[in-house]
Amino acid sequence: MTAPRSEFLVTVARRGYLHQCTDLAALDSLALQGRVVAYIGFDCTAPSLHAGSLVSIMLLRLLQKCGGKPIVLMGGGTTKIGDPSGKDDSRKMLTTAEIAANMAGIKDAFSRFLKFGDGPSDAVMVDNADWLDQLGYIPFLRDWGRHFSVNRMLTFDSVKLRLEREQPLSFLEFNYMVLQAYDFVELARRHDCVLQMGGSDQWGNIVCGVELGRRAIPRELFGLTTPLLTAASGAKMGKTAEGAVWLSEKMLSPYDYWQYWRNTEDADVGRFLRLFTEMPEPEIARLEKLGGAEINEAKQILADHATLLLHGEKSATEAAETARRTFGEGTFGEALPSVAIARAELAKGIPAFELFHKAGLAASGGEARRLIRGGGARLNDAAVETETRPVTLADLGPEGVIKLSAGRKRHALVKVG
């Protein structure tokens with residue numbers, strides 16, 4: 001087919017965001033004629049989004065920079081159901097209060113990437129509970145259920161894979177794609193939204209919305225998906241051995257966020273620079289050609305730019321400086337994650353495995369014990385020999401802190417509280 005000509009779709013394709021589109025030529029033609037209003041939905045299953053959501057967030061940012069209007073749809077209603085896409089089990093059911101608390105935590109990250117307001121291209125944030133909570137079951141089934149074929153729904157991966165693996169799929173979850181399709185129609189009516197975007201695991205849900213729009217409104221709607229990202233090693237995007245790479249500073253320090261990008265695998269540097277920064281293509285092309293030790297320059301630039309977008313210039317600069325001091329000079333900087341321990345507790349002595357857990361360098365006491373047994377734990381740059389070795393006030397260094405290290409790249413400071 002003919003290559004796209006609109007600024008938005010040209011950039012989407014060039015920088016690696018494009019996986020599937022329901023009708024790329026027609027969407028391109030629409031984008032050339034004027035402003036495109038598009039949305040992506042985010043369910044409120046945790047107090048923060050993680051780095052796995054960044055492709056979607058950056059896509060909304062790109063849309064806005066190209067003159068389009070982004071809609072952030074918060075899933076206050078659909079979170080009560082649970083999206084089965086890409087899942088082997090049912091999600092834990094959350095209470096209304098838990099969903100509201102998670103939504104409040106999630107909202108903050110978007111203000112770092114999008115400009116919200118009342119202008120033509122300003123982003124808006126809406127909650128699908130505003131209309132889903134008002135639906136009457138029988139009228140909804142009568143008016144909207146007739147547009148959906150169960151035979152067709154069974155062909156979508158979100159349903160088919162669960163059934164093939166003989167994993168339970170509740171009737172509640174089976175309804176998810178119906179509600180997501182209805183969301184699209186409501187946004188088309190309320191906000192003139194013509195495009196739904198999302199990860200490739202959302203393709204079936206998005207297609208259902210496009211088809212519902214054609215049958216029920218009727219109106220031509222479009223769907224566009226991004227590749228489901230994994231690192232070159234196969235690791236899931238936004239996850240590490242230690243857990244999720246959260247976008248909330250309350251759940252992950254800017255320094256740890258910077259380190260996540262700095263530790264990008266060599267083969268992923270060019271791809272991640274295109275997706276997660278706004279650096280110009282010629283500079284990215286130069287950086288991805290670097291080899292040997294020089295590739296570390298590109299990784300640091302990736303970390304600097306990604307951290308700048310989320311946490312701002314001050315935090316990005318502090319994280320880079322802390323890394324330089326920690327790895328270049330063998331000292332440490334203020335941006336290293338820290339934990340405060342009461343003087344009285346340190347005076348008595350804390351088992352090393354317990355302190356590593358408290359400092360966030362291990363997800364549990366058992367994991368901390370395994371870290372120490374494997375020789376990966378260091379205290380003030382000296383190997384920790386035994387799991388129960390007591391850490392006391394005597395271990396405080398000249399700057400009044402204790403430095404803990406898990407491997408070569410993860411560090412934390414223990415301060416007297």
Side-chain angles (χ1 to χ4, degrees), residues 19-20 22 39-46 49 52-53 56 73-96 98-100 102-103 126-189 193 196-218 221-226 228 236:
H19 181 63
Q20 296 162 296
T22 54
Y39 92 95
I40 299 179
F42 300 86
D43 278 345
C44 311
T45 54
L49 298 176
S53 299
S56 292
L73 179 66
M74 303 302 291
T78 42
T79 306
K80 298 171 185 175
I81 304 297
D83 182 3
S85 304
K87 306 290 185 301
D88 285 335
D89 342 315
S90 299
R91 277 180 172 163
K92 174 193 168 189
M93 297 297 290
L94 300 176
T95 66
T96 302
E98 288 172 327
I99 292 171
N102 287 346
M103 188 184 301
V126 294
D127 180 359
N128 62 16
D130 291 347
W131 53 84
L132 294 182
D133 283 358
Q134 311 306 316
L135 292 176
Y137 187 59
I138 298 299
F140 182 73
L141 287 181
R142 183 193 63 215
D143 296 340
W144 300 94
R146 60 192 175 89
H147 295 293
F148 292 86
S149 161
V150 171
N151 306 62
R152 177 137 169 78
M153 292 167 76
L154 290 172
T155 67
F156 291 121
D157 285 346
S158 58
V159 173
K160 185 172 65 174
L161 294 178
R162 284 275 283 275
L163 296 179
E164 287 177 353
R165 294 170 184 163
E166 298 185 357
Q167 299 286 348
L169 177 70
S170 71
F171 180 68
L172 187 69
E173 292 174 290
F174 189 63
N175 276 272
Y176 189 93
M177 69 173 68
V178 178
L179 296 179
Q180 185 167 325
Y182 183 72
D183 281 345
F184 198 175
V185 170
E186 279 293 325
L187 290 172
R189 286 171 163 174
C193 180
Q196 180 183 175
M197 304 185 293
S200 59
D201 61 330
Q202 294 296 311
W203 179 249
N205 294 342
I206 292 173
V207 167
C208 278
V210 171
E211 293 177 349
L212 183 63
R214 185 177 66 247
R215 292 172 183 152
I217 307 182
L221 302 177
F222 301 91
L224 184 151
T225 63
T226 58
L228 206 58
K236 192 171 182 181

What are the two closest heavy atoms between C44 and G75, and how far apart are they?
SG-N, 4.1 Å

Is any side-chain heavy atom of T79 closer than 4.5 Å to a side-chain heavy atom of T45?
yes

If you round to the nearest 0.5 Å, how far is CZ of F42 from CE of M103?
13.0 Å

What is the minimum heavy-atom distance between L154 and K160, and which atoms define it?
O-CB, 3.5 Å

Quick check for you: to the nearest 0.5 Å, what is the distance between I99 atom CD1 and L94 atom CG?
5.5 Å

Hey, could you give me the CG/CE distance between D183 and M177, rounded to the nearest 0.5 Å?
13.5 Å

Would you name the heavy atoms of Y176 and D43 that are closest together and state the gap between them?
OH-OD2, 2.6 Å

For residues F171 and Y137, report the shortest heavy-atom separation together with the two atoms involved.
CE2-OH, 3.9 Å

Of all the heavy-atom pairs spanning I217 and A188, show the shortest one and how long it is.
CD1-CB, 4.2 Å

Atom pair CG/CD1 of D143 and I138 - distance to nearest 0.5 Å
11.0 Å

A side-chain contact here means heavy atoms from C-beta on lying under 4.5 Å apart; do V178 and W144 qualify?
no

Testing the basics here: between C193 and F184, what is the closest heavy-atom pair and its distance to 0.1 Å?
O-CE2, 4.0 Å

Any side-chain heavy-atom pair of R152 and T155 under 4.5 Å:
yes

Gap between atom NE2 of H19 and atom OG of S200 - 0.5 Å precision:
4.5 Å

Using a 4.5 Å cut-off on heavy atoms from C-beta on, say whether the side chain of W203 contacts that of T22.
yes

Reported CG-to-CE distance for the pair N128 and M74, which is rounded to 0.5 angstrom:
9.5 Å

Would you say the side chain of Q180 lies within less than 4.5 Å of the side chain of I206, judging by non-hydrogen atoms?
yes

Between N205 and F156, is any pair of side-chain heavy atoms under 4.5 Å apart?
no

pair F140-L179: side-chain heavy atoms closer than 4.5 Å:
yes

Do the side chain of D127 and the main chain of G76 share a donor and acceptor less than 3.5 angstrom apart?
yes

Can a donor-acceptor pair be found between the side chains of Q202 and Q196 at a distance below 3.5 Å?
no

Y182 side chain near L132 side chain, heavy-atom distance below 4.5 Å:
yes

